[in-house]
Asker: 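This structure is in structure tokens; I'll ask about it shortly.
Protein chains get the first letters and strands the later ones, always in sequence-line order, with residue 1 at the start of each. Just so you know, these numbers use all the heavy atoms, side chains as well, and skip hydrogens, waters and symmetry mates.
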2 protein chains.
Amino acid sequence: MASANRPLVTGFPGSDHDHGVCREAVLARADALCRSRGMRFTRLRRQVLELIWDEHRPVKAYELLERLRAERAGAAPPTVYRTLDFLLQEGLIHRVESLNAYVGCGDPGHLHPVQLLVCRCCAAVAELADDEVARLLRHKAGRMGFQADSAVVEVEGVCPQCSS
Amino acid sequence: MASANRPLVTGFPGSDHDHGVCREAVLARADALCRSRGMRFTRLRRQVLELIWDEHRPVKAYELLERLRAERAGAAPPTVYRTLDFLLQEGLIHRVESLNAYVGCGDPGHLHPVQLLVCRCCAAVAELADDEVARLLRHKAGRMGFQADSAVVEVEGVCPQCSS
DNA sequence: ATGGTAATGTTATACCATACCAAATTCATC
DNA sequence: GATGAATTTGGTATGGTATAACATTACCAT
């Protein structure tokens with residue numbers, strides 16, 4: 001079992017990526033995390049997080065809704081958005097602002113800066129958690145008299161698989 | 001008159017900011033730029049850009065639409081969105097992804113990386129064009145095998161006016 | 001004037017997100 | 001186990017963001 005202090009998913013999944021294992025690890029971590037915080041990792045929340053982790057790609061809310069309805073006939077937009085809000089608050093997923101979409105967090109459980117790498121070819125997403133970037137931004141902002149709290153950083157480009 | 005190679009607006013407007021002058025300079029530059037590229041800076045485009053530059057804050061599309069209707073009764077969503085697309089393409093405005101809003105570009109006329117500083121208190125926006133940030137992001141992305149083309153960078157925090 | 005291109009008008013609709021209240025579930029306590 | 005408070009989920013309606021598709025008008029070179 002993965003350490004509770006190490007990221008579960010970093011970078012783009014290579015050809016050796018066993019997604020079954022990846023998924024289970026992520027879900028197990030989510031469950032443990034919620035428990036430890038006294039939050040409930042309910043059936044609905046688990047279902048939605050599973051759907052998000054079906055691929056290493058951002059998923060749109062209504063796409064999620066459609067897929068969720070296969071398991072849960074009455075699901076409506078609020079069902080999805082409420083669950084997404086919960087998962088965002090618990091740091092289990094990230095919102096991709098430039099796509100209006102949501103993607104699993106590969107390193108839940110600790111606060112960390114987030115920089116997303118989004119492939120414009122296949123839409124795969126990898127996640128950096130680079131303090132140097134965060135520090136530099138804070139510093140540059142500070143020189144303008146701006147007190148930086150957080151940042152949305154989404155890099156668009158081409159992932160290793162697509163460029164080869 | 002400002003040099004054609006120097007940014008017109010940098011940082012947050014201080015108490016000495018003469019917005020009338022700022023606005024006129026921006027509009028004159030936009031006009032000159034469009035001319036030099038063989039594009040038409042039409043009445044509609046000028047009206048929309050003026051509305052955007054009413055303040056150093058992001059404006060929402062439907063807010064813009066409402067205000068535009070004062071001058072142009074028949075305006076509809078496509079009127080606004082088409083004009084926004086034009087202004088974006090010409091680099092005269094930026095889209096703020098984290099707010100679904102649009103803000104004037106203080107340094108149109110040359111390609112430059114953009115990092116926006118958004119005050120969560122008063123919504124004022126300043127614009128960095130920092131190559132060091134852009135380079136660092138490209139470098140960090142490159143270490144993941146990712147070829148970075150561009151980036152959305154939006155820093156949330158508190159501006160000098162609001163923190164004092 | 002004329003014809004081609006670019007810009008704008010107009011209607012409809014798709015997509016993204018939340019407000020609001022009701023019903024059901026969970027959980028601590030008795 | 002029953003009870004009641006709090007959380008979660010169901011369900012309806014609506015607000016907010018953005019674009020498709022086609023008609024019409026304005027501009028400009030010839």
Asker: For B:R95 and B:D85, indicate whether the former's side chain and the latter's backbone hold a donor-acceptor pair under 3.5 Å.
Answerer: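 Checked: no pair found.
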
Asker: Phosphate oxygens OP1/OP2 of C:dA17: is one of them under 4.0 Å from a side-chain N or O of A:Y81?
Answerer: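 Checking A:Y81 against C:dA17: at least one side-chain N or O falls below 4.0 Å of OP1 or OP2.
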
Asker: If hydrophobic residues (ILVMFWY) are linked whenever their side-chain heavy atoms come closer than 4.5 Å, directly or via other members, who joins B:L111 in its cluster?
Answerer: none

Asker: Quick one: the side chain of B:Y62 and the base of D:dA18, do they pair up donor-acceptor inside 3.5 Å?
Answerer: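 Answer yes: a donor N or O sits under 3.5 Å from an acceptor.
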
Asker: Looking at A:T42, does any N or O in its side chain come under 4.0 Å of the phosphate oxygens OP1/OP2 on D:dT9?
Answerer: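 Yes, A:T42 has a side-chain N/O under 4.0 Å of OP1/OP2 on D:dT9.
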
Asker: Is a donor-acceptor contact shorter than 3.5 angstrom present between the side chain of B:R82 and the base of C:dG9?
Answerer: yes

Asker: Measure the distance from CZ on A:R46 to C1' on C:dT25 and round it to the nearest whole Å.
Answerer: 19 Å

Asker: Would you say the side-chain atoms of A:Q115 pair up with the backbone N or O of A:D130, donor to acceptor, closer than 3.5 Å?
Answerer: yes

Asker: Between atom CG in A:N100 and atom C1' in C:dA17, what is the gap in whole Å?
Answerer: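 Those two atoms, CG and C1', are 10 Å apart.
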
Asker: Hey, does B:R43 reach any base, or is it just sugar-phosphate, or nothing, if we go heavy atoms under 4.0 Å?
Answerer: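 The residue B:R43 makes no contact with any strand.
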
Asker: With distance as the sole criterion, is a donor-acceptor pair present between the side chains of A:S150 and B:E156 under 3.5 Å?
Answerer: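 The criterion, which ignores hydrogens and geometry beyond distance, is satisfied for B:E156 and A:S150.
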
Asker: Between B:K60 and D:dT17, is there a side-chain N or O to OP1/OP2 distance below 4.0 Å?
Answerer: yes

